[in-house]
Amino acid sequence: MKHKLCLLLTAIITVSLMAGCSSSSSTAEESDDTEGEVLATVYTDAAEILTEYKTTQYFTEDAVDEADINQILAAGINTTSAMNGQPWHFTAVTNSELLQQIADSMSAGMPTAASSGQSEDAISVQKAGIADAPLAIIVSCAEGSELDAGLATQSMFIEAKLLGYGAKIISSPTMVLNGDDKEAYKELLDIPEDYSVVSVLLIGYEDTSIDTSIDGVTGASVRNDASDVVSYVEP
C-alpha cells in the first residue's frame with residue numbers, strides 16, 4: 001500500500017498524542033496497547049520484506065513521486081559505512097531517453113543466440129532492465145568501498161518497498177557505464193571523478209497484470225536452503 005510506513009508512523013504519533021492528553025489511566029493503557037500493535041505491524045512489514053520480497057520484473061509507466069524519491073535517497077544517505085566515510089554518490093535518473101541510451105549501448109554488446117549457443121527463446125526472454133522502470137538510481141563509489149555502496153543500495157531498496165513500490169537491483173549496466181564511454185557517462189550522470197558505478201536500483205509501481213509464476217525464467221527462483229549456506233559455530 002502506498003506510503004504504508006508513513007501512515008503507520010503517523011498513527012504512532014497520533015496515538016502518542018492521545019495518550020499524553022488522556023487523564024484516565026485506563027485510557028492511557030488502551031493507547032499504549034494500540035501503539036504497541038501499530039509498532040508490531042511496522043516491524044512485521046519490514047521483516048517480511050527482508051525474508052519474502054521478490055525482485056520486481058515488470059513495472060508500470062507511472063512516475064515515482066518526487067517526495068518519495070527524496071525519502072528513498074535519504075535511506076541511502078543515512079546508511080552506515082566504515083568510519084562513517086559515506087563513500088558513495090547517487091544519481092536519480094527519470095530521463096527515459098538517457099536510460100534508453102544506456103540500454104541500447106548494452107544491447108549492442110549482448111550475445112546472439114548463435115554466438116552464445118542458447119535458443120532464440122532464451123535470448124528473447126525479457127526481464128526488467130535499466131530502461132524499463134520510471135526511476136533508476138545509479139550508485140557509484142570510490143574503489144574499495146563497494147560493500148558500503150551495496151549496503152546503501154539495499155537500504156534504498158527496502159525504503160522503496162515500504163513506500164509501496166516495486167524494486168530491482170541490477171549490475172549489468174556497469175559494463176557500459178564503466179566502459180569505453182565512462183567519461184562521457186560520468187559527465188551525463190554527474191558522477192565524481194574518482195568514482196565508478198557499482199549498481200543500479202530500479203524503482204516503480206509493479207505491473208501486477210503480468211503473471212510471472214508461469215515462466216520459470218522471469219518468475220522468482222527457488223532460494224537455497226539454510227542448511228546449504230549457513231554454518232553454526234557453537235560452544
Side-chain angles (χ1 to χ4, degrees), residues 1-5 45-65 68-76 79 88-107 109-110 122-141 146-147 149-178 185 189 197-224:
M1 179 182 295
K2 186 75 166 68
H3 303 310
K4 179 187 290 183
L5 181 60
D45 289 342
E48 288 179 351
I49 290 172
L50 293 172
T51 58
E52 298 180 11
Y53 183 62
K54 305 298 188 296
T55 292
T56 300
Q57 295 295 358
Y58 298 97
F59 297 90
T60 69
E61 296 180 354
D62 298 312
V64 178
D65 185 79
D68 291 341
I69 294 176
N70 291 333
Q71 185 165 337
I72 291 166
L73 290 169
T79 300
W88 46 55
H89 185 84
F90 312 124
T91 305
V93 184
T94 56
N95 184 323
S96 59
E97 292 182 359
L98 176 54
L99 295 177
Q100 188 59 56
Q101 176 184 330
I102 298 171
D104 291 342
S105 297
M106 294 173 60
S107 297
M110 291 292 287
I123 291 293
S124 64
V125 168
Q126 295 297 313
K127 291 186 176 184
I130 193 168
D132 298 317
L135 169 65
I137 298 179
I138 297 175
V139 181
S140 55
C141 73
E146 292 80 7
L147 176 58
L151 293 173
T153 305
Q154 185 75 348
S155 293
M156 292 188 288
F157 177 101
I158 296 170
E159 185 72 18
K161 185 63 180 77
L162 285 169
L163 288 171
Y165 295 100
K168 179 179 182 180
I169 300 172
I170 57 177
S171 61
S172 51
T174 62
M175 293 183 290
V176 167
L177 298 175
N178 296 327
Y185 277 121
L189 299 170
V197 177
V198 292
S199 63
V200 178
L201 175 60
L202 307 180
I203 300 172
Y205 289 105
E206 184 173 5
D207 187 348
T208 57
S209 67
I210 300 175
D211 184 6
T212 60
S213 65
I214 61 176
D215 185 343
V217 178
T218 57
S221 57
V222 177
R223 293 291 183 182
N224 292 328

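Values reported hereafter were calculated over all heavy atoms of this structure, with side chains retained and with hydrogens, waters and symmetry mates removed.
Partners of Glu61 by side chain to side chain contact (heavy atoms under 4.5 Å, CB included), not counting sequence neighbours: none found. The side chain to side chain contact (heavy atoms under 4.5 Å, CB included) test applied to Ala136 returns Leu99, Ile130, Val200, Leu202, not counting sequence neighbours. The side chain to side chain contact (heavy atoms under 4.5 Å, CB included) search around Thr153 returns Val139, Ile169, Ser199, Leu201, not counting sequence neighbours. Gln100 meets the side-chain hydrogen bond (donor to acceptor under 3.5 Å, both in side chains) test with Asp104; sequence neighbours excluded. Listed by chain and residue number, nothing satisfies the side-chain hydrogen bond (donor to acceptor under 3.5 Å, both in side chains) test with Thr91 (two or more places apart in sequence, or in another chain). Partners of Asp207 under the side-chain hydrogen bond (donor to acceptor under 3.5 Å, both in side chains) rule, at least two apart in sequence or in another chain, are Ser209. When the side chain to side chain contact (heavy atoms under 4.5 Å, CB included) test is applied to Ser96, no partner is found at least two apart in sequence or on another chain. Partners of Asp62 under the side-chain hydrogen bond (donor to acceptor under 3.5 Å, both in side chains) rule, at least two apart in sequence or in another chain, are Thr60.
Inter-residue side-chain proximity for Gln57 and Lys168 is flagged as met; some heavy-atom pair is nearer than 4.5 Å. Thr94 places a side-chain heavy atom less than 4.5 Å from the side chain of Ile69. A 4.5 Å side-chain heavy-atom check between Leu177 and Leu189 finds at least one atom pair inside the cut-off. Counting heavy atoms from C-beta on, the side chains of Thr79 and Trp88 come closer than 4.5 Å.
Proximity of the aromatic rings of Phe59 and Tyr205 is defined here by a centroid distance below 6.0 angstrom, and this criterion is not met.
Between Val176 and Tyr185, the shortest heavy-atom contact is CG1-CE1, 3.6 Å. Considering all non-hydrogen atoms of both residues, Val64 and Gly204 come closest at CG2-CA, 4.0 Å. Of all heavy-atom pairs between Pro134 and Ala63, the closest is CB-CA, 4.2 Å. In plain terms, the two heavy atoms of Ser155 and Ala75 that are nearest each other are CB-O, 3.6 Å. The shortest non-hydrogen separation linking Ile72 to Glu159 is CA-CG, 3.8 Å.
Rounding to the nearest 0.5 Å gives a distance of 6.5 Å between CG of Leu98 and CD1 of Ile138. Atom NZ of Lys127 is separated from atom OG1 of Thr56 by 13.0 Å, given to the nearest 0.5 angstrom. Separation of atoms OG1 (Thr208) and OH (Tyr58) is listed at 13.0 Å; rounding is to 0.5 Å.
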